[in-house]
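What follows is a single structure, written as structure tokens, with notes after it.
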There are 2 protein chains.
Amino acid sequence: MSVSIKEVAKLAGVSVATVSNVLNNTKNVRPETKAKVETAVSQLNYQINPLARNFRKGQSKVIGFVVSDLSNYFFQNVAIGLERSLSEYGYHVALMDCKESKALEIENVRNLLASSVDGLVIATTGEDCCYLQLILENHDVPVVFVDRKPFGFTSDMVLSTNNEGAYLGIKYLISKGHEKIGFITSRNDSTMKERIEGYRQAYQEAGLKVNENYIMTGNNDISISQNQLLHGIAYTQAKQLIEAGEVTALFTGNNLSSIGAYNYLREVNIPVPDKMAFMTFDDSFWLSMTTPSISAVRQDPDMIGSVSGQLIYERISNKVSEQPNRIVRIPTRLVLRYSV
Amino acid sequence: MSVSIKEVAKLAGVSVATVSNVLNNTKNVRPETKAKVETAVSQLNYQINPLARNFRKGQSKVIGFVVSDLSNYFFQNVAIGLERSLSEYGYHVALMDCKESKALEIENVRNLLASSVDGLVIATTGEDCCYLQLILENHDVPVVFVDRKPFGFTSDMVLSTNNEGAYLGIKYLISKGHEKIGFITSRNDSTMKERIEGYRQAYQEAGLKVNENYIMTGNNDISISQNQLLHGIAYTQAKQLIEAGEVTALFTGNNLSSIGAYNYLREVNIPVPDKMAFMTFDDSFWLSMTTPSISAVRQDPDMIGSVSGQLIYERISNKVSEQPNRIVRIPTRLVLRYSV
DNA sequence: CTGAAAGCGCTTACAG
DNA sequence: CTGAAAGCGCTTACAG
């Protein structure tokens, strides 16, 4: 039904090799010949068959994005940025949700490789990524990690300036007179450790001593999804901290924990910011709809996604094959609203 | 580098045709022969090359999802449901954002077809979809529309029970004593018309007369994206209605308009629900984070997505090729919180 | 600068 | 039940 390169060649009176060469700009072709081909192409309304080309070139033009939890808006926005940047290079993105399950993550990676993806972007569920070494050994597929730093596997990474972001937020809280700031993280991974480091730095710079009891780290084994978070671990952590009656401000480590913690404040009717200041890492749309609206350290998930696309494309097209692994940090910034 | 069907055939001592047949279960093969092939497959750790198979079969195993506005959480959730259901059949989804631009929509459809998608799911920007007739005439690609009904093109559709949902919401408001309910829609498309119909039905059933001034329909030409909506058209419409001083309740037609309208209420400090009841079509996460939390008519975007996947898969696999176009309605339900 | 030809790895009539 | 062979539509050494 659809016209092939042969028919173009015939109509143009040249060989298929020549048609291919003008189509792909892969060899010098005499202008007259080129013109003949081009008119034939437009006369027949020829479109290259990407299935044949992909097969021939051994590429699929799809990048797999393996996401720890797709119900998290943060990753949805990463996906959007990734999609946009890769589509510029003619790539599609295959999204795979892991629902915070390592087993699903491994299965997803396996399936993607079996379906011949050209590259992998991974927001890993747990940090241990040794399994990748094994699975990838027969595949020449570049990998970029986003948001969380893996161990057991080295590759390019795109991360937020976690340390600096938390530092900025805590510093601001301190500047507002808060000396006892609760830090709530529902997880305890490399990312959270960096953010806690920012907390410590701000304290140190202000000459304050950190009370370790105010840092509530979570458990990585707990599966959390944004939809069931109103009374999750962050809720409990906020409750504990506030019932202890010491902290005057709460800083939550990501959007997931902000939901649980803020929901607690709301339920027990603690006036923000009068009785309790509140700030979170990760900006979300809903933070500007609450009363008062909530200040946040904003990440740029869209940028994280698009930069990841960039990096993986460079690897695929071998522009940087010899370069060592890169870590790109995407800036964060303070968005002040009325909760502090 | 990777092992091919030939090598499997050689090791098993059979022809490639036979290997193919046991792999695909496409012909009866003697059990002994089958066993030989299977041991060879596992010995060589053979995996079929999907690029070759797709090329041969003329399919890409990807479905394009053309989305009017991917910054809208509603569509993100549709995408997630679609992804999940299609992945069960070995399909990937190629997401394409149109940013509410018809021109981009057309370009996206074109690009997807050029990259050989096997099917198209479309949440159209504008309702006029005549362009599809033309573009699709050389392609045997099934289409499913979601959320909005197109004209100028007929295909399967998956929509919410818009009429019934709005009816439920308005009926509840009326039951609470409201007789002057403002209906704010930022758009004026088939979907909104259905929701307005539900509004009228509830009024009629209650023996109330509809005041047309309370129905503020929007303009389809205005591009709106969730991120810039705090002071958009719904904000203005809410302002107008409330300054006129008649309505005692506000019902917004979708999540986008709820943002603008609620933000107005918030800015001018109108107590909800005491001075003004509030309810919206489209549930969103943030509706449970406001004070008071906001009641909504909940759609099920995830289900809309997964059902769309179902329908398009049936069309692709020709299970229903002779059937006329289907319209599937996904139920909505009332989620009561504290804004009414 | 151009073309004839091999070949990528499958599937699928067709013959036996 | 099994196999030999054609062919899907490209790209790419290779020869001239």
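A, B, ... follow the sequence lines: proteins, then strands. Residue 1 opens every chain.
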Ignoring the backbone of B:Ser15, work out which of C:dC8, C:dT2, D:dG3 is nearest its side chain.
->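 Of the options given, the side chain of B:Ser15 lies nearest D:dG3.
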
Which nucleotide in the set C:dC1, C:dT2, D:dG9 lies at the smallest distance from any side-chain heavy atom of A:Ser4?
->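 Of all the options, the side chain of A:Ser4 is nearest to D:dG9.
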
Under-4.0 Å salt bridge between B:Arg315 and B:Asp156 =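 Salt bridge flag = yes for B:Asp156 with B:Arg315.
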
Are A:Arg148 and A:Glu100 ion-paired here, with the side-chain N under 4.0 Å from a carboxylate O?
->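 Looking at A:Arg148 and A:Glu100, the cut-off is met.
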
Find the partner of D:dA15: check Watson-Crick (N1-N3 plus N6-O4 or O6-N4) and G-U wobble (N1-O2, O6-N3) distances, both under 3.5 Å, and reply none if neither fits.
->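 Check on D:dA15: paired to C:dT2, both distances under 3.5 Å.
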
Integer-rounded Å distance: [N] [atom2] and [X] [atom1]:
{"X": "B:Lys36", "N": "D:dC1", "atom1": "NZ", "atom2": "P", "answer": "14 Å"}
{"X": "A:Lys10", "N": "D:dG9", "atom1": "NZ", "atom2": "C1'", "answer": "16 Å"}
{"X": "A:Phe55", "N": "C:dC10", "atom1": "CZ", "atom2": "P", "answer": "8 Å"}
{"X": "A:Gln47", "N": "D:dC10", "atom1": "CD", "atom2": "P", "answer": "11 Å"}
{"X": "B:Asn54", "N": "C:dC8", "atom1": "CG", "atom2": "C1'", "answer": "14 Å"}
{"X": "B:Lys6", "N": "D:dA4", "atom1": "NZ", "atom2": "C1'", "answer": "13 Å"}
{"X": "A:Asn49", "N": "D:dG7", "atom1": "CG", "atom2": "C1'", "answer": "14 Å"}

Please state whether the phosphate of C:dG9, meaning OP1 or OP2, lies under 4.0 angstrom from any side-chain nitrogen or oxygen of B:Tyr46.
->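 For B:Tyr46, the contact criterion (side-chain N or O under 4.0 Å from OP1 or OP2 of C:dG9) is not met.
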
Distance-minimising heavy-atom pair for B:Ala94 and B:Leu112 =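 Taking B:Ala94 first and B:Leu112 second, the nearest heavy atoms are CB-CD2, 3.9 Å.
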
Looking only at heavy atoms, which two atoms of A:Asp118 and A:Ile63 are closest? And how far apart?
->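 Closest approach of A:Asp118 to A:Ile63, heavy atoms only: C-CD1, 4.1 Å.
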
Kindly determine whether A:Cys129 and A:Phe145 satisfy side-chain contact (heavy atoms from CB on, under 4.5 Å), including the steps that lead there.
-> CA-CA 11 Å; A:Cys129 289; A:Phe145 274 86; 3.8 Å; yes

In B/S/- notation (B base, S sugar-phosphate only, - none; protein heavy atoms under 4.0 Å), nucleotides 11-16 of chain C written 5' to 3' is BB-B--

Steps toward side-chain contact (heavy atoms from CB on, under 4.5 Å) verdict (B:Gln43, B:Leu11) | CA-CA 9 Å; B:Gln43 255 177 57; B:Leu11 179 63; 3.6 Å; yes

Does B:Val14 or A:Val19 map to a spot on DNA chain D nearer the 5' end, using the closest nucleotide for each?
->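 Upstream on the strand: B:Val14.
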
For A:Val66 and A:Leu95, run side-chain contact (heavy atoms from CB on, under 4.5 Å): C-alpha distance rounded to whole Å, both residues' side-chain angles, the deciding distance at 0.1 Å, then the answer.
-> CA-CA 6 Å; A:Val66 179; A:Leu95 274 184; over 6 Å; no

